[in-house]
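Everything on this sheet refers to the single structure shown next.
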Amino acid sequence: MPTTTGGLNHQIEHHLFPSMVRPSLRKVQTMLAEHCAAVSVPCSQTPLIEAHRVGQSRRRHERRSQTL
């Protein structure tokens, strides 16, 4: 079952090309990753579940450090 992201999976592309129709953003995502690699700019994509897991881990760490 696919997970919906509410468009967050194309947030950068949308901000670079705000008037572009949503179906075209997937093509731009690939082109953007290739361009970043060509000019040695770090570019990463994190699957939704992994991003959620990392966020939860960070929040737990912050809560622990605040209680010390």
Check: If you count the non-hydrogen atoms of other residues, nucleotides and ligands that lie under 6.0 Å from CZ in Arg58, is the total more than 12?
Finding: no

Note to self: Within this structure, what is the CZ-CZ distance for the pair Arg63 and Arg59, rounded to the nearest 0.5 Å?
What the structure shows: 7.5 Å

Note to self: Does any part of the side chain of Val28, heavy atoms only, come nearer than 4.5 Å to the side chain of Leu16, both counted from C-beta?
What the structure shows: no

Check: How many angstroms lie between OG in Ser65 and CZ in Arg60, if you round to the nearest 0.5 Å?
Finding: 13.5 Å

Notebook entry, point to check: Rounded to the nearest 0.5 Å, what separation is found between the OG atom of Ser24 and the CZ atom of Arg22?
Noted result: 12.0 Å

Checklist line | Heavy-atom closest pair, residues Ala33 and Cys43 | finding: CA-SG, 4.2 Å

Checklist line | Separation between CD of Gln29 and NE2 of His10, rounded to the nearest 0.5 Å | finding: 5.0 Å

Note to self: Arg53: which residues meet the salt bridge (charged side-chain N to carboxylate O under 4.0 Å, His left out) condition with it, sequence neighbours left out?
What the structure shows: Glu50

Next item on the list: State whether the number of non-hydrogen atoms from other residues, nucleotides or ligands found under 6.0 Å of Leu32 atom CG is greater than 12.
Entry: yes

Next item on the list: Name all residues meeting the side-chain contact (heavy atoms from CB on, under 4.5 Å) criterion together with Glu34; count only those two or more places apart in sequence or in a different chain, and write none if there are none.
Entry: Thr30

